[in-house]
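Notes follow the structure.
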Amino acid sequence: MNKAFCKEPDSAVPPRCPRCGNEGARVATETLLAHVAPAAAESLGEPAYFCGTGACEVAYFDLLERSIPVASAHGLFWPKDPHGPLCACHGLTVDDVDADLAEGVPKRVRAVVQQAARPDAACAKLSADGRPCVARVQKHYLRRRSELGGAP
């Protein structure tokens, strides 16, 4: 086929999920293989991206708009997996955050933040987006605290 008719990815445009259109997070092959079957991982070109939009049914995609659905992935975090942990690396759940808020001391949240900062943290592999969960945990904690009537 003539190259003029092939769709070439535009490197100037941020990678967008082919389903929801939100920007994706680039993931290493190691991360991808930790969350999907090898055959599914091979269906994507490099680089691969994670769609972090909770309501989107795409887990991973590439620049040619090929994708792997959430149903074919495992070990995803909340809200991508409504039953998954908020922090797959350290097992923190949304219920743990609510318990911290009920107790008035964010001991579980603080413990995860400290664990994620350690040099032996395996976030790049265990977290579906290849990133430490600290920002996601803190954002969820602050949002829940606001929803429950706590200080902003």
Side-chain angles (χ1 to χ4, degrees), residues 9 11-20 22-64 66-148 150-152:
S11 62
V13 176
R16 301 236 174 243
C17 173
R19 182 73 157 173
C20 70
N22 287 328
E23 193 170 331
R26 187 174 180 164
V27 295
T29 302
E30 174 188 43
T31 302
L32 183 63
L33 287 170
H35 297 280
V36 300
E42 289 175 8
S43 73
L44 298 183
E46 288 192 26
Y49 298 88
F50 177 76
C51 176
T53 306
C56 183
E57 50 193 61
V58 168
Y60 296 97
F61 64 94
D62 66 12
L63 293 173
L64 295 176
R66 296 174 291 201
S67 63
I68 298 171
V70 169
S72 297
H74 54 83
L76 303 181
F77 51 76
W78 183 92
K80 198 69 168 174
D81 175 358
H83 304 291
L86 184 58
C87 171
C89 314
H90 305 291
L92 185 79
T93 66
V94 293
D95 292 336
D96 291 332
V97 171
D98 285 349
D100 273 3
L101 289 165
E103 294 168 10
V105 180
K107 63 184 176 188
R108 295 167 190 87
V109 170
R110 284 186 186 143
V112 164
V113 170
Q114 290 171 348
Q115 290 171 337
R118 292 174 37 188
D120 62 340
C123 298
K125 181 177 179 181
L126 297 176
S127 183
D129 63 358
R131 298 176 179 174
C133 60
V134 172
R136 184 172 53 254
V137 167
Q138 291 173 330
K139 181 179 176 181
H140 179 75
Y141 177 83
L142 293 172
R143 184 177 61 231
R144 284 297 290 158
R145 187 173 71 176
S146 178
E147 289 171 0
L148 297 172

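Source: prediction; values computed, not measured.
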Compare every heavy atom of [Y] with every heavy atom of [X], then report the nearest pair and how far apart it is.
X: Val58; Y: Ser67; answer: CG1-CB, 3.8 Å
X: Ala128; Y: Tyr60; answer: O-OH, 2.8 Å
X: Arg19; Y: Glu57; answer: NH2-OE2, 2.9 Å
X: Gly91; Y: Asp96; answer: O-OD2, 3.8 Å
X: Leu86; Y: Arg136; answer: O-NE, 3.0 Å
X: Glu23; Y: Pro14; answer: CD-CB, 3.6 Å

Could you go through Asp98 and Leu101, starting from their C-alpha distance and side-chain angles, then the distance that decides it, and tell me whether this counts as side chain to side chain contact (heavy atoms under 4.5 Å, CB included)? CA-CA 5 Å; Asp98 285 349; Leu101 289 165; 4.2 Å; yes

What distance separates [X] [atom1] from [Y] [atom2], expressed to the nearest 0.5 Å?
X: Asn22; Y: Thr53; atom1: CG; atom2: OG1; result: 3.5 Å
X: Leu92; Y: Arg108; atom1: CG; atom2: CZ; result: 8.5 Å
X: Arg16; Y: Tyr49; atom1: CZ; atom2: OH; result: 12.0 Å
X: Asp100; Y: Arg145; atom1: CG; atom2: CZ; result: 11.5 Å
X: Cys17; Y: Phe50; atom1: SG; atom2: CZ; result: 10.0 Å
X: Leu126; Y: Cys87; atom1: CG; atom2: SG; result: 9.0 Å

Which of parallel (below 30°), tilted (30 to 60°) and perpendicular (above 60°) describes His35 and His74?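 Rings of His35 and His74: tilted, as their planes differ by 30° to 60°.
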
Should we count CZ of Arg26 as having more than 12 external heavy atoms under 6.0 Å?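 No, not enclosed.
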
Check this for me: does any side-chain nitrogen of one of Lys80 and Asp129 sit under 4.0 Å from a carboxylate oxygen of the other? no

Min side-chain heavy-atom separation [X]-[Y] under 4.5 Å:
X: Tyr141; Y: Pro106; answer: yes
X: His90; Y: Pro85; answer: no
X: Leu63; Y: Pro15; answer: yes

